[in-house]
Amino acid sequence: MSLAPVQVMSYGAEEEKAENARLSSFVGAIAIGDLVKSTLGPKGMDKILVSYSQNQIQVTNDGATILQNIGVDNPAAKVLVEISKVQDAEVGDGTTSVTVLAAELLKEAEKLIAARLHPQTIIAGWRKAVTVARQALAGAAENHGDDAEAFRRDLINIAKTTLSSKILTAAKEHFAELAVDAVLRIKGTGNLEAIQIIKKLGGQLQDAYLDEGFILDKKIGVNQPKRIENARILIANTSMDTDKIKVYGARVRVDSTAKVAEIEAAERKKMKDKVDHILAHDINVFINRQLIYNYPEQLFAAANVAAIEHADFEGVERLALVLGGEIVSTFDTPDQVRLGHCELVEEVMIGEDKLLKFSGVELGEACTVVLRGATQQILDEAERSLHDALCVLTSTVKETRVVYGGGCSEMLMATAIQEQAIKTPGKEAVAMEAFAHALRQLPTVIADNAGFDSSDLVAQLRASHAEGQTTMGLDMELGVVADVAKLGITESFKVKSQVLVSAAEAAEMILRVDDILKSAPRQRQPDHH
């Protein structure tokens, strides 16, 4: 019998086993954590992302944006990128925190595995730690959902805390008010689609404002009414260019120019019939997603109907939602079409540009935030920051509990886990202590990023919490430990609990890995000519 090794996997496939696989996973995930670590907290730094293929740059400190835009090859690193995306989609904020916490947990796990603890023992300890941490967090949460004034104050504090780590920090009071006003308008549905964000170059960030109604970045056609009251609006997605012969590569041969004129006349008649069908809906505003050529535009002007072309798809979808209409592609049954309505459509000037404003719309909660800024990069980052704040506030309106920020919640959870670990027999206690240590790394990173002595501050903070002062946190303006309840550094309970659970689950998933299998790359087939 031959003892030659048997080739089980196909040629070119790779396998990393046991220690190597684990090390490879840890290294990739920890590298991702270290990459975004410097953006955490109110004094976090920004990163420039350069895309050569699209020839554009982004300046951002939003964890999810950074991780989405970098090409990651390591499988474990991809898991961290995914949890960052989920955090962004679920609650909007905490994208950096969740990545850093997962990376810190894996650093602790690396030490424990080196000390010969089994991964399943570590995971069992972590699960107990997560349960204790969630109970501690829920116990410390405050709920002002029944008191409108206190709840609004909570929302403004949450918005200020979220914005303090972003580009809008200089004008966070202004933007916090603006975001809270916008979110409280949509309190009934919680539909963020009803808040339109428009970016216009020029001015400064503080010039941003909230406008009731809906603003569309388009113009009304030539010789058409520029102000329409009691608008009846048909929203369409149909081709209004001259109907070309749609057969690819078709040729039409004629024996005289009169025949060409006949074809053109037939095309014009076809277009006129289409416009007549549209006008049969008894409308005075027509909004189309596609182009409207000159001839149909003249017909609309003659009928005193304002026609707006090329309203991009997202704009059309939002308009249909806000105006209470539906998007139409065929026009044979006017009685079955739901038109959009609003009290007034008019042109307004923002900076150098003319835009269309729809006032008194069907969906009364709809509003538009107009952002101003010096460069496109500033505007893009301001939009991302404001969107994060709006997402957090929307989730807080649904889940009204709040907790304190500035490293306070993390230290509170770490202290609770530490107390429980002392009472826990067996090796799981070591894993629980490691979890508490990873949580304490978040305030450490926040202090390091601000250039303060993190060892001293975190030791003071730990001592304060051990003495029962559970509202103490880091004040990064002065670099001291202070009562964050008085400073108004508040965060959403949902964001904090999501960070805790997502990071623990992702770290647990990576820790379970003991084998990495890579399939063989597809061989290029030779070209047979």
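As the structure is a computational prediction, the values presented were derived from the model and not from experiment.
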Minimum heavy-atom separation for M472 to H465, with atom names? O-NE2, 2.9 Å

What's the separation between atom CG in L201 and atom CG in L379, rounded to the nearest 0.5 Å? 5.0 Å

Return yes when atom NZ of K200 has more than 12 non-hydrogen atoms of other residues, nucleotides or ligands closer than 6.0 Å, and no otherwise. yes

Going by atom types only, do Q206 and H174 share a side-chain donor-acceptor pair under 3.5 Å? no

With no hydrogens and no angle check, do the side chains of T162 and D388 hold a donor and an acceptor under 3.5 Å apart? no

With side chains defined as the heavy atoms from C-beta onward, is the minimum distance between L511 and I113 less than 4.5 Å? yes

Dump the intermediate steps for salt bridge (Lys or Arg N to Asp or Glu O under 4.0 Å) on R127 and E428, then the final yes or no. CA-CA 10 Å; R127 285 185 175 168; E428 289 172 10; over 6 Å; no

Could you check whether K166 pairs with D93 (Lys NZ or Arg NE/NH1/NH2 to Asp/Glu carboxylate O, under 4.0 Å)? yes

Take atom NE2 in H387; do more than 12 heavy atoms of anything else shown fall under 6.0 Å from it? no

Test item: side-chain donor near acceptor, Q58 and D380, under 3.5 Å: no

Given side chains that start at C-beta, do those of S409 and L137 come closer than 4.5 Å, heavy atoms only? yes

Side chain to side chain contact (heavy atoms under 4.5 Å, CB included), paired with L412, selected from T470, T471, I417: T470

With a 4.5 Å limit on heavy-atom distance, are the side chains of T400 and F151 in contact? yes

List the steps and the verdict of side chain to side chain donor-acceptor pair (under 3.5 Å) for T490 and D154. CA-CA 7 Å; T490 314; D154 277 349; 5.1 Å; no

From CA spacing to verdict: side chain to side chain contact (heavy atoms under 4.5 Å, CB included), S38, K47: CA-CA 9 Å; S38 64; K47 306 244 182 275; 2.7 Å; yes

Mind checking whether L80 and L67 have side chains closer than 4.5 Å, heavy atoms only? no

So, for A138 and R401, which heavy atoms are closest and what is the spacing to 0.1 Å? CB-NH1, 4.1 Å

Between G92 and V392, the two heavy atoms sitting closest are C-CG2, 4.4 Å

Sub-3.5 Å donor-acceptor pair from the side chain of T161 to the main-chain atoms of N157, do we have one? yes

Are D211 and T368 linked by a side-chain donor-acceptor pair shorter than 3.5 Å? no

Does a side-chain heavy-atom distance below 4.5 Å link L442 with L40? yes

For the backbone of S385 and the side chain of D62, can you confirm whether one donor and one acceptor N or O come within less than 3.5 Å of each other? no

Is there a side chain to side chain contact (heavy atoms under 4.5 Å, CB included) between K219 and L356? Walk through the geometry before answering. CA-CA 7 Å; K219 295 184 179 66; L356 284 179; over 6 Å; no

Report, as yes or no, whether the 6.0 Å neighbourhood of atom CD on E352 holds more than 12 heavy atoms from other residues, nucleotides or ligands. no

d(L210 CG, E177 CD) to nearest 0.5 Å is 11.0 Å

Go through it in stages, so that I can follow the logic: the residues are Y404 and D483, the test is side chain to side chain contact (heavy atoms under 4.5 Å, CB included), and I'd like the CA-CA distance, side-chain angles, deciding distance and then a yes or no. CA-CA 10 Å; Y404 293 113; D483 188 343; over 6 Å; no

Candidates V91, L192, T396 - the one meeting side chain to side chain contact (heavy atoms under 4.5 Å, CB included) with C391: L192

Contact between W126 and T121 at the side-chain level, heavy atoms closer than 4.5 Å - yes or no? no

R152 atom CZ: more than 12 heavy-atom contacts under 6.0 Å: yes

Restricting to non-hydrogen atoms, name the atom on V481 and the atom on S464 that form the minimum distance, rounded to 0.1 Å. CG1-OG, 4.2 Å

Are R318 and E193 within salt-bridge range, i.e. N to O under 4.0 Å? yes

Got L457 and L461 here, is their nearest side-chain heavy-atom distance under 4.5 Å? no

Could you tell me the separation between the SG atom of C367 and the CD1 atom of I197, rounded to the nearest 0.5 Å? 9.5 Å

Working to the nearest 0.5 angstrom, can you tell me the gap between D207 CG and L371 CG? 11.0 Å

Donor-acceptor side-chain pairing of Q204 and R372 below 3.5 angstrom: no

If only atom types and distance count, is the side chain of R185 paired as donor or acceptor with the main-chain N or O of A366 below 3.5 Å? yes

D88 (side chain) donor-acceptor with S84 (main chain) under 3.5 angstrom: no

Sequence neighbours excluded and cut-off under 3.5 Å, please list the side-chain donor-acceptor pairs for residues 26-37, or say none.
unit_1, atom_1, unit_2, atom_2, d
D34, OD1, K37, NZ, 3.4
D34, OD1, K107, NZ, 3.4
K37, NZ, E104, OE2, 3.3

Counting only heavy atoms not in M349, do more than 12 fall under 6.0 Å of its CE? yes

Can you establish whether the number of heavy atoms outside E212 located under 6.0 Å from its atom CD is more than 12? no

Given the rule in the side chain to side chain contact (heavy atoms under 4.5 Å, CB included) test, do V402 and E491 qualify, once you have shown the distances and angles that lead to the verdict? CA-CA 6 Å; V402 298; E491 292 194 52; over 6 Å; no

For S25 against A76, the heavy-atom pair lying closest together: O-CB, 3.2 Å

Within this structure, what is the CD-CG distance for the pair E381 and L386, rounded to the nearest 0.5 Å? 11.5 Å

Any E419 side-chain heavy atom under 4.5 Å of T415 side chain: yes

Between E508 and R512, does at least one N-O distance fall below 4.0 Å, as a salt bridge requires? yes

Looking only at non-hydrogen atoms, find the nearest pair between R440 and A414 and report the distance. CG-CB, 3.8 Å

For the CG atom of L168 and the CD atom of E383, what is their distance to the nearest 0.5 Å? 11.0 Å

